[in-house]
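Notes follow once the structure below has been shown.
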Amino acid sequence: MSRMRRLTKNFYQQDTFKLAKSLLGKYLVRKINNKTLLGKIVEVEAYYGPDDLASHASRGKTPRTQIMFSQPGLAYIYLIYGMYYCFNIVTEAKNFPAAVLIRALEPISGLPQMYKNRYLNKKKDNFILHPSALTNGPSKLCQAFKIDKKLNGHNLITSRIIYLAENPKEKISANSGSASGGKPSQIQSAKRIGVDYAGDYKHKLWRFYLKNNPFISSK
DNA sequence: CCTGGGATTTTCT
DNA sequence: GAAAATCCCAGGA
């Protein structure tokens with residue numbers, strides 16, 4: 001793994017949809033007890049503005065959603081279905097609520113720890129599973145990377161324990177899957193998952209993923 | 001391949 | 001009190 005470079009403030013100041021697509025191929029870095037977990041982002045969803053009925057912010061500023069109205073580059077993490085977390089990156093200037101949900105990663109390093117984080121206390125045979133099962137869903141990747149509400153509001157631009165990075169060699173366009181000279185991955189747009197209640201907004205093609213990537217959560 | 005139900009608790013009505 | 005930006009497992013085709 002060649003040198004990683006942390007993404008800085010200006011990266012997060014792009015508009016939400018550009019940022020969502022730019023995130024594909026970037027890396028999530030998580031430090032726990034001096035050890036590093038690393039995953040490549042392969043699937044995201046945008047939640048945009050006060051009118052987006054799929055967004056928590058469509059019901060206004062509340063104790064939970066106030067972070068979405070905050071500055072770009074913060075982590076928005078919430079509990080879902082009583083037992084899972086989802087990890088988002090806040091976008092857009094203050095008072096305009098928007099965020100990008102990270103839906104799937106390709107696990108890059110620290111896989112043994114990810115297995116532990118996902119399957120501790122469960123009677124699964126860890127090593128039968130394909131590695132994609134570690135992080136091919138928004139709450140799976142939170143388990144694997146030990147992301148929970150303690151990190152809500154964390155600043156990804158300055159944090160030493162959770163942040164985003166890029167590999168300068170992959171600057172133009174992300175490569176998916178194997179490293180051996182593949183063509184640049186294409187970005188596929190699709191409907192967002194699990195938002196059937198969102199009226200017209202359920203049809204928006206605001207999910208983005210790397211085409212044919214084996215680590216996405218769904219086609 | 002697909003469909004349906006249970007887990008579990010915060011959040012907002 | 002209902003719903004939720006999910007996951008996992010069982011059962012049927």
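In what follows, chains are A, B, ... by sequence order, proteins preceding strands, each numbered from 1. Computation of the quantities below employed the complete heavy-atom set of this structure, encompassing side-chain atoms and omitting hydrogens, waters and symmetry-equivalent molecules.
Residue ring and base: A:Tyr197 does not count as stacked with C:dA3 (centre distance below 5.5 Å and interplanar angle below 30° not both satisfied). A stacked arrangement is assigned to A:Tyr81 and the six-membered base ring of C:dT6, with a centre-to-centre distance below 5.5 Å and an interplanar angle below 30°.
Rounded to a whole Å, the NZ atom of A:Lys191 is 18 Å from the P atom of C:dA5. As rounded to whole Å, 16 Å separates atom P of C:dA4 from atom CD1 of A:Ile193. Following rounding to the nearest Å, A:Tyr85 (OH) and B:dT11 (C1') show an atom-to-atom distance of 14 Å. Separating the NZ atom of A:Lys204 from the C1' atom of C:dA5 is a distance of 17 Å, rounded to the nearest angstrom. Atom OH in A:Tyr84 sits about 18 Å away from atom P in B:dT11, given to the nearest Å. Atom CD1 of A:Ile77 is separated from atom P of C:dA5 by 16 Å (rounded to the nearest Å). Between A:Asn136 atom CG and C:dC8 atom C1' there is a gap of 12 Å when expressed in whole angstrom units. B:dT8 atom P lies 18 Å from atom CG of A:Asp148, rounded to whole Å.
One finds a side-chain N or O of A:Arg118 lying less than 4.0 angstrom from the OP1 or OP2 phosphate oxygen of C:dC8. Contact check, A:Lys149 against B:dT11: a side-chain N or O comes under 4.0 Å of OP1 or OP2. Distances shorter than 4.0 Å separate some side-chain N or O of A:Arg103 from OP1 or OP2 on C:dT6. Contact annotation: A:His56 side-chain N/O to B:dT11 OP1/OP2 distance is not under 4.0 Å. Contact check, A:Lys140 against C:dC8: a side-chain N or O comes under 4.0 Å of OP1 or OP2.
In the set B:dT9, B:dT11, B:dA7, the nucleotide with an atom closest to the side chain of A:Leu79 is B:dT9. Listed nucleotides: B:dT10, C:dT6, B:dC12. Nearest to the side chain of A:Ile80: C:dT6.
Between A:Tyr78 and A:Tyr85, the ring center distance fails the sub-6.0 Å criterion.
Base-pair partner of B:dG5: C:dC8 (Watson-Crick or G-U wobble, both distances under 3.5 Å).
Using a 4.5 Å cut-off on side-chain heavy atoms (C-beta onward), A:Phe11 and A:Lys26 make contact.
Looking at heavy-atom distances under 4.0 Å, A:Arg192 makes no contact with the nucleic acid at all.
Comparing A:Gly82 and A:Thr62 by the nucleotide of DNA chain B whose heavy atom lies nearest to each, the residue mapping closer to the 5' end is A:Gly82.
What you find for A:Ile216 and A:Asn136 is that their closest heavy atoms are O-CB, 3.7 Å.
A distance-only check finds a donor-acceptor pair linking the side chain of A:Glu45 to the backbone of A:Ile193 [under 3.5 Å].
Under the 30°/60° scheme for interplanar angles, the aromatic rings of A:Phe215 and A:His130 are found to be tilted.
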